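Just below is one structure, and these are the notes that go with it.
This structure is a prediction, so every number in the text was calculated from the model and none was measured.
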Amino acid sequence: MIYVIRATGSQYIKIGKAKNPIGRMKTLQTGTPYKLVLASCADWPDSSEKRLHRVLVDLYVIGEWYLLTDKTQSLIDHMQSGLDLRSWLATQSNNKRLKRVLRLA
């Protein structure tokens, strides 16, 4: 399962994979000064995590943490709607890096 956890009161989100996203969020909460909330999760293949990380590299902060922007909010909204990763990737800009990622999808 792919999840997005948001650090409330900040501009940060974490994109990761876990069998139990709520349990993962509780584990992360221990070392985080922000209140964490599960923004979204989707039953996408584990390989989706790496693809998302590649597409969002320009928003990378540290570890699996990224900036919350219109682009990442669109991902959260897409996940909440129940659509698949490929359809979200298709909505993104057509740059060379994205084309490589889509070929791998």
Separation between CG of Leu59 and NE2 of His53, rounded to the nearest 0.5 Å: 12.0 Å
Identified side chain to side chain contact (heavy atoms under 4.5 Å, CB included) partner of Leu67 from the options Thr72, Val61, Asp58, Ile13: Val61
Return the minimal non-hydrogen interatomic distance between Arg24 and Ala18, and the atom names on each side. CB-CB, 4.0 Å
Can you tell me how far CZ of Arg51 sits from CD1 of Ile15, rounded to the nearest 0.5 angstrom? 14.5 Å
Within a strict 4.5 Å, meaning less than it, do heavy atoms of the Leu68 and Ile76 side chains meet? yes
Suppose the criterion is side-chain hydrogen bond (donor to acceptor under 3.5 Å, both in side chains): which pairs have a residue in residues 6-15, not counting sequence neighbours? Tyr3-Lys14, Lys14-Glu64
Between Glu49 and Gly16, what is the shortest heavy-atom contact and its length? OE2-CA, 3.4 Å
For the NZ atom of Lys71 and the OG1 atom of Thr91, what is their distance to the nearest 0.5 Å? 9.0 Å
Check for a donor-acceptor pair, side chain of Tyr66 on one end and backbone N or O of Thr69 on the other, with a separation under 3.5 Å. no
Going only through I, L, V, M, F, W and Y residues with side-chain contacts under 4.5 Å, is there a path from Ile22 to Leu36? yes
With a 4.5 Å limit on heavy-atom distance, are the side chains of Val37 and Ile5 in contact? no
State the SG-NZ distance between Cys41 and Lys17, to the nearest 0.5 angstrom. 15.5 Å
Work out which heavy atom in Trp65 is nearest to a heavy atom in Ala7; give both atom names and the distance. CZ3-CB, 4.1 Å
Short question: side chain of Thr32, backbone of Leu28 - any donor-acceptor pair under 3.5 Å? yes
I need the Ile2 CD1 to Asp43 CG distance, nearest 0.5 Å. 9.0 Å
With side chain to side chain contact (heavy atoms under 4.5 Å, CB included) as the criterion, how do Val55 and Leu75 come out once you've worked through the C-alpha distance, each side chain's angles and the decisive distance to 0.1 Å? CA-CA 11 Å; Val55 170; Leu75 171 64; over 6 Å; no
Nearest-0.5 Å distance that lies between atom CG in Leu85 and atom OG in Ser48: 4.5 Å
Could you list the donor-acceptor pairs under 3.5 angstrom formed between side-chain atoms of residues 77-84 and any protein atom two or more places apart in sequence or on another chain?
unit_1, atom_1, unit_2, atom_2, d
Asp77, OD1, Gln73, NE2, 2.8
His78, NE2, Asp84, O, 2.8
His78, NE2, Ser87, OG, 2.8
His78, NE2, Trp88, N, 3.3
Gln80, NE2, Ala39, O, 2.8
Ser81, OG, His78, O, 2.7
Asp84, OD1, Ser87, N, 3.0
Asp84, OD1, Ser87, OG, 2.9

